[in-house]
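Some notes on the structure that comes next.
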Amino acid sequence: MSLADLVAHGSVLRLAAPLVVSFWMRAAVTFVDTLYAAAVGDAAVAAVGLTIPLEFLMIAVWVGLSNGLTSQLSRAIGAGARGRVRQYRRATARLVLVLVPVFVGVGIGIWAIAPRLDLDRDVASAFRVYGSVLVAGSAVTMFWSVLPDSIIKAHHDTRSTMWAGIWTNVLNLILNTWFVFGLGWGVFGIALSTVVGRLGGLIYALHRAGALERGRCGDDRPVAADLDPAPTRAILALAVPSAATFGLMATESAVVNALLTRTPFPTESVAAYSIFYRTSMFCLQPVIATSVALLPFVARLEGTADIGGARRAVRQVTLAAALYATALALPAIWIAPWIARRLSESETTASYVAETLLALPILCLVSAPFLLCRPVFEGLGRGQPGLWMAIMRYAVLTGPLAWIGARFAESLGRPPLHGVIVGTLIAAAASSAVFLVWTDRTLRVKTPPGAGGRPTEMNSAPDSFSVSPS
């Protein structure tokens with residue numbers, strides 16, 4: 001597909017455009033923490049990096065619950081089943097009431113365990129404060145946002161999603177400046193500003209969700225025929241696989257941090273990886289946003305039996321992601337030294353950051369197919385492929401390849417961090433290649449005669465990857 005075709009048939013990309021802004025706003029919340037932590041010191045940056053796996057765990061639970069609720073609300077609203085809408089809201093509120101104390105307990109656990117970890121004293125102290133405040137505080141402001149956010153998405157109001165992210169970021173930026181530079185609260189102020197900043201987005205989302213619901217119906221009394229006999233189970237049936245798939249992503253940073261704490265320069269290595277990881281996630285937001293738009297797009301095409309259109313959409317977004325990754329090459333070379341100087345305290349950390357950030361275009365290129373293929377299967381009503389591929393990448397490949405990379409880099413006299421980054425890139429490339437082949441074969445099998453693919457029986461795509469003879 002040429003660039004002209006991409007522009008002319010950019011339906012998926014146009015659908016994703018407002019989500020790109022929204023996702024960038026939300027990613028900026030965590031990136032801002034790293035910027036302000038750099039003003040405190042490398043120990044603070046390392047503490048932010050050590051909290052990444054726990055943040056990912058919380059995000060995984062949030063995403064899973066949000067996907068389950070959004071899907072059920074959308075179906076109920078589409079069917080005019082007012083009673084079910086009320087059921088799903090109440091069931092989600094009960095689930096949130098369970099999740100909040102669980103993660104508050106995790107935050108308390110960080111406070112108790114951090115001094116006993118094999119970390120430098122300054123890093124352990126910073127992690128103890130930042131991790132406990134961020135996790136325990138976000139348990140309240142983050143999980144309660146599932147309800148209004150899902151209602152907004154069910155009404156297809158992506159503009160309100162974008163504005164909720166903007167309010168969160170603006171408040172977080174103001175509070176970070178005040179707490180860190182005005183009051184001198186250090187990592188405590190950084191964590192607290194994120195927790196309180198999310199209240200801005202939550203309040204705005206609650207306002208918009210209320211307005212949308214009032215406009216939807218004036219009578220929300222349950223009708224017997226409308227009711228779901230097991231609303232909580234209906235939400236969890238979708239939420240658990242989605243959360244498990246997303247949660248496996250947290251193992252990557254956890255494994256890398258565990259390896260880096262045993263290197264000759266642990267604080268500098270963990271701090272540099274934290275900066276690299278935050279920057280890479282920020283750069284990947286357009287791809288992630290496109291993957292979110294791809295799911296309903298493919299589902300709609302599958303409903304009209306236009307699997308050929310789904311194949312074209314996959315090619316379109318894959319090409320767009322490749323062009324985006326290529327376009328990042330020159331900016332990465334330009335911003336790497338600048339970010340290294342601004343976010344690093346020591347020369348060693350700055351050197352690590354400047355060198356690792358050069359891998360950003362490669363990371364985006366090799367990660368894009370993995371991120372874009374999962375929603376294709378979910379759009380086809382299949383959650384297992386995404387989960388299996390996440391297991392392959394994060395549970396099977398990442399750890400061994402990162403360890404081998406670290407040892408190989410050391411044998412060459414290079415920093416272990418460089419080898420770890422290369423190992424994770426290989427894991428991403430391998431899993432993306434397998435997932436892309438699996439996705440293409442599945443869509444080919446489902447493509448009917450005369451629809452741009454091989455004439456085969458409909459709805460016979462395999463649930464597991466296999467290579468069959470032509």
Side-chain angles (χ1 to χ4, degrees), residues 27-56 110 114-115 117-135 138 172-173 175-177 179-181 184-195 197 250 252-283 335-360 415-418 420-421 424:
V29 172
T30 54
F31 196 76
V32 164
D33 281 4
T34 303
L35 292 173
Y36 280 87
V40 179
D42 282 356
V45 176
V48 173
L50 289 170
T51 312
I52 288 175
L54 296 170
E55 282 190 272
F56 244 114
I110 294 172
L117 297 177
D118 186 20
L119 299 170
D120 288 347
R121 183 177 179 179
D122 290 343
V123 175
S125 177
F127 174 54
R128 186 186 195 190
V129 174
Y130 179 85
S132 60
V133 173
L134 183 73
V135 173
S138 294
N172 184 38
L173 187 64
L175 293 176
N176 255 313
T177 303
F179 291 164
V180 175
F181 299 115
W185 285 356
V187 290
F188 171 74
I190 296 171
L192 184 63
S193 66
T194 300
V195 171
E252 181 176 62
S253 57
V255 168
V256 170
N257 282 330
L259 287 172
L260 295 178
T261 56
R262 293 169 173 80
T263 59
F265 299 96
T267 299
E268 293 83 355
S269 296
V270 173
Y273 179 72
S274 173
I275 295 170
F276 171 78
Y277 192 86
R278 296 288 193 185
T279 307
S280 65
M281 290 305 298
F282 188 78
C283 291
I335 67 170
W338 184 88
I339 291 179
R341 290 193 302 271
R342 295 298 186 279
L343 301 185
S344 306
E345 181 181 33
S346 71
E347 289 296 327
T348 301
T349 303
S351 174
Y352 287 173
V353 171
E355 293 170 344
T356 56
L357 286 182
L358 297 178
L360 281 176
L417 174 62
H418 294 174
V420 168
I421 296 296
T424 57

Q: Would you give the length of the straight line joining atom CG of Leu360 to atom CD1 of Ile421, rounded to the nearest 0.5 angstrom?
A: 9.5 Å
Q. Say you draw a straight line from OG1 of Thr51 to CD1 of Ile110; how long is it, rounded to the nearest 0.5 Å?
A. 6.5 Å
How close do [X] and [Y] get, heavy atom to heavy atom, and via which atoms?
| X | Y | answer |
| --- | --- | --- |
| Leu260 | Val270 | CB-CG2, 3.9 Å |
| Phe276 | Ala359 | CE1-CB, 4.4 Å |
| Gly186 | Val40 | CA-CG2, 4.1 Å |
| Ala47 | Tyr130 | O-CD2, 4.0 Å |
| Phe188 | Val133 | CD1-CG2, 3.8 Å |
| Thr263 | Pro416 | CG2-CB, 3.7 Å |

(Q) Whether the side chain of Asn172 engages the backbone of Gly197 through a donor-acceptor N/O pair (distance < 3.5 Å, no angle test) should be reported. (A) no
Q: Can you sort out the partners of Ser125 under side chain to side chain donor-acceptor pair (under 3.5 Å), two or more places apart, ordered by chain and number?
A: none
Q: Please name all residues satisfying side chain to side chain donor-acceptor pair (under 3.5 Å) with Thr267, sequence neighbours left out, ordered by chain then number.
A: Asp120
Q. Considering only heavy atoms from C-beta outward, does the side chain of Thr356 approach that of Leu417 to under 4.5 Å?
A. yes
**Q.** Set of residues satisfying side-chain contact (heavy atoms from CB on, under 4.5 Å) with respect to Ala124, sequence neighbours excluded
**A.** Leu119
Q | Working for side-chain contact (heavy atoms from CB on, under 4.5 Å), residues Glu347 and Ser351 | A | CA-CA 6 Å; Glu347 289 296 327; Ser351 174; over 6 Å; no
Q.
Test side-chain contact (heavy atoms from CB on, under 4.5 Å) on Trp185 and Leu192; report intermediate values, then the result.
A. CA-CA 10 Å; Trp185 285 356; Leu192 184 63; 3.9 Å; yes
Q) Will you find, in the side chains of Tyr36 and Thr177, an N or O donor that is under 3.5 Å from an N or O acceptor? A) yes
